[in-house]
Structure formats: structure tokens, C-alpha cells
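Below: one structure, written as C-alpha cells.
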There are 2 protein chains.
Amino acid sequence: MKISTKGRYALEALTYMASLEKDTPVNIREIADQTGIPLKYLEQIFFRLRKSGILVAKRGPSGGFLLNPALPQITVGDVVRAVETDIKPVVCLKSREHCESGIYDTCVTRLLWKRISDAVESVLDGVTLQSLGDAYKEKKS
Amino acid sequence: MKISTKGRYALEALTYMASLEKDTPVNIREIADQTGIPLKYLEQIFFRLRKSGILVAKRGPSGGFLLNPALPQITVGDVVRAVETDIKPVVCLKSREHCESGIYDTCVTRLLWKRISDAVESVLDGVTLQSLGDAYKEKKS
DNA sequence: ATAATTCCTATTGACAATATAGGAATTAGG
DNA sequence: CCTAATTCCTATATTGTCAATAGGAATTAT
Ligand code: FES
Ligand code: FES
């Protein structure tokens with residue numbers, strides 16, 4: 001079981017942003033520098049985050065990214081689902097069609113993976129970016 | 001997040017074995033045939049399972065593998081830990097030394113990964129092989 | 001002896017994750 | 001306008017891990 005760097009990077013970057021509590025756009029280069037995430041890779045990640053509505057972008061000089069103010073409570077689950085390609089630990093959980101082994105109906109392990117998946121998502125959905133940002137600010141001070 | 005085939009295969013194979021409730025060795029080729037798992041790959045997996053004490057092997061003609069009778073309650077967690085290289089979703093959870101980014105002490109996301117990891121292991125440790133085997137037998141009949 | 005089995009390691013192959021690259025589109029400010 | 005700063009978007013290269021194959025050694029029942 002691995003959490004991909006996409007998910008980790010996204011969360012670290014957004015945590016940093018949340019800790020700033022700014023209402024003006026934050027330059028992505030600053031974020032990359034502060035977090036050590038490769039700039040061009042972070043661009044791709046932010047691209048997805050914007051498409052999914054978590055971030056709002058402003059282009060041009062003094063532009064940057066902003067946590068979408070219309071979403072007062074962004075959860076870690078929102079973020080991870082936006083950037084991770086598959087959040088489900090086994091493909092069979094996506095749908096019956098995704099099961100490659102043709103034993104879907106008699107499969108006894110799928111239920112187990114489902115329980116694991118639910119447990120993970122329940123943690124993810126229970127933590128907000130704001131709380132992470134606050135904790136970050138606290139530690140820095 | 002992905003569960004590797006090692007973990008899945010191990011569980012499917014052992015579930016099949018548990019459903020047989022035999023006290024004589026089961027031929028690994030039979031298991032490979034019944035489950036569709038590549039034989040030589042399954043050998044590697046069983047090798048690990050034996051080294052970790054979950055399986056007992058008997059070599060030579062009419063040999064095979066047997067669920068270790070000295071372990072009355074094998075859990076799914078035991079199995080997955082035996083075959084999976086890293087069960088922790090991020091390396092930082094293994095130990096402070098494993099964190100590559102030198103921000104261990106101020107890292108606020110690690111706690112989140114820890115909660116996820118705990119949630120997963122709690123599910124894994126709560127399901128026994130026996131229960132899976134019983135369910136399998138039930139479905140087959 | 002022989003054949004059937006597990007034992008163990010090495011190597012290859014396939015694929016996804018990671019990262020880099022390059023230019024297009026947009027916009028603030030002079 | 002013009003320029004520079006920024007995000008936007010896609011394509012490509014690189015890397016690394018997982019999955020699978022291979023081959024022979026050790027063991028043992030008959
Ligand atoms: S193998 Fe697909 S549902 Fe179990
Ligand atoms: S990055 Fe290693 S502890 Fe958070």
C-alpha cells in the first residue's frame with residue numbers, strides 16, 4: 001500500500017497555503033520553493049486541483065492560486081480524490097465490469113477490500129485542510 | 001492506493017486452502033490451477049508464507065503445503081504483512097530515519113497517514129482466514 | 001533409482017509513477 | 001500597445017517497482 005507523491009505533494013502544498021490564510025493569490029513558485037516540490041510537477045497537480053474546483057487561479061503578473069473561497073470546508077478526501085488516479089485499492093471495487101477474474105459473484109475477498117477502502121475514505125473525509133493548516137501554523141511558531 | 005497482487009494472490013490461495021479443511025498437504029499446482037495464479041509466482045509467495053510460519057511445507061511426492069496447525073487463528077493482517085514489502089502507506093511511518101525530507105518534527109501530514117495506516121491494519125487484523133474459508137465454502141455450495 | 005515435490009535466487013518484462021520540457025494563453029502595469 | 005509574469009495544457013522522457021518467468025538445487029516417498 002502506497003500513497004502516491006501526487007497525493008502527498010498536493011496535501012503538503014495546500015496545507016502550506018491554508019496556513020497562510022491569504023485572500024490574495026499565492027505564487028506557485030513560492031509554494032514549490034517552500035515545500036521542495038518540483039515546480040513543473042506541482043503545476044500538473046494544481047492543474048487538476050483547479051479543474052476539480054478546489055483551487056481558483058488568477059493568471060498574469062501577480063497572479064497565482066487561491067483556495068476556492070466558495071468551499072468553506074475542503075477535506076483531505078476531496079484533495080486526494082482530485083489528484084489520485086485510483087483511490088480504490090483493487091479495481092474490482094470500481095464496478096463489476098472492472099473485475100478481471102470472472103469470479104465476481106463468488107469472490108469473498110472483495111468484501112474485505114471494501115471494508116478497507118471505506119475505512120480509509122472515512123479518515124480522509126474526516127480531516128479538513130483548515131485543521132491541517134492550523135496545525136502547521138502552530139508548529140512553525 | 002493499491003493492494004499488490006502478492007497480497008491478493010496470497011489471500012485467495014489461502015482462502016481456498018482454508019475452505020478445504022484438509023490436514024494433509026495440498027499440492028501447490030492444484031492451488032495455482034484452481035485460482036488462476038501463475039504457478040512460479042505462487043511458489044514465491046508461498047515461500048514467504050512458509051518463512052513467516054503461516055504455512056508448513058512437506059517436500060517430495062505427495063508433499064505440499066498446509067496451514068500451520070499450531071496457529072489456530074491466522075488473520076488477514078498476518079498474511080498481508082508476510083508477503084507485502086511495505087504495508088505502511090508512506091515511508092515516514094516506518095521510523096524517523098525513513099523520512100527523506102528532514103521536516104519530520106514539524107510534519108503535520110504524517111499524523112494523517114498514521115491514522116489511515118491504523119485504520120487499515122485494524123480491519124486486516126479483525127478478519128481471520130478461517131472466516132474467509134467458511135464464506136468461500138458457503139458460496140461454492 | 002526415479003520421479004515428484006518444495007526450495008531459493010536471478011533475471012526479464014511490463015507498466016505506472018515521477019519528473020521534465022516547451023510553448024500557448026492570459027493579464028497587470030508601464 | 002508592449003512586455004514580462006504568470007497560469008494553462010500536452011507531450012515526452014525517466015525511473016523504479018511490481019509481476020512474472022526461468023532454472024536448477026534440495027528433499028523425500030515409492
Ligand atoms: S477478484 Fe474481482 S471481485 Fe474478487
Ligand atoms: S515528510 Fe516525512 S514525516 Fe512528513
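A, B, ... follow the sequence lines: proteins, then strands. Residue 1 opens every chain. Basis for what follows: all heavy atoms, side chains included, without hydrogens, waters or symmetry-related copies.
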Under 4.0 Å between any heavy atoms, over every strand shown, what does B:Arg50 touch: base, sugar-phosphate, or nothing? Just pick one.
sugar-phosphate
For A:Phe65, report the nucleic acid contact type (base, sugar-phosphate, nothing); a contact means any heavy atom under 4.0 Å.
sugar-phosphate
Hey, can you pull the residues of residues 30-37 of chain A with a non-hydrogen atom under 4.0 angstrom from DNA chain D?
none
Considering only heavy atoms of chain A and a distance under 4.0 Å, specify the first and last nucleotide of DNA chain C in 5' to 3' order that meet this criterion.
C:dA17 to C:dA28
Do other residues, nucleotides or ligands put more than 12 heavy atoms under 6.0 Å from A:Lys114 NZ?
no
Write down the distance between [atom1] ([X]) and [atom2] ([N]), rounded to a whole number of angstrom.
X       : N      : atom1 : atom2 : result
A:Lys40 : D:dT12 : NZ    : P     : 16 Å
B:Phe47 : D:dA22 : CZ    : C1'   : 16 Å
A:Arg29 : D:dA4  : CZ    : P     : 15 Å

A:Ser117 side chain vs A:Trp113 backbone, donor-acceptor pair below 3.5 Å:
no
Closer than 4.0 angstrom, basic N to acidic O: yes or no for [X] and [Y]?
X        : Y       : answer
B:Asp125 : B:Arg81 : yes
A:Asp105 : A:Arg96 : yes
A:Glu121 : A:Lys88 : yes

Applying side-chain contact (heavy atoms from CB on, under 4.5 Å), run through B:Val83 and B:Ile45 and close with a yes or a no.
CA-CA 7 Å; B:Val83 299; B:Ile45 294 169; 3.9 Å; yes
On DNA chain D, more 5' by nearest nucleotide between A:Lys2 and A:Ile28 is A:Ile28
Scan nucleotides 27-30 of chain D against the protein and return all N/O pairs shorter than 3.5 Å with their distances rounded to 0.1 Å.
| residue | atom | partner | partner atom | Å |
| --- | --- | --- | --- | --- |
| D:dT27 | O4' | B:Arg59 | NH2 | 3.4 |

Short side-chain N/O contact from B:Tyr9 to OP1 or OP2 of D:dA19, under 4.0 Å
no
Spacing of CG belonging to B:Leu42 relative to CD belonging to B:Glu12, to within rounding of 0.5 Å
10.5 Å
Going from CG on A:Leu67 to CG on A:Asp23, what distance comes out if it is rounded to the nearest 0.5 angstrom?
11.5 Å
Has B:Arg50 got its NZ or CZ under 6.0 Å from the middle of the six-membered ring of B:Phe65, at an angle within 45 degrees of the ring axis?
no
Any side-chain donor-acceptor pair under 3.5 Å between B:Asp78 and B:Thr75?
yes
Do B:Glu30 and B:Tyr16 have a side chain donor and acceptor closer than 3.5 Å?
yes
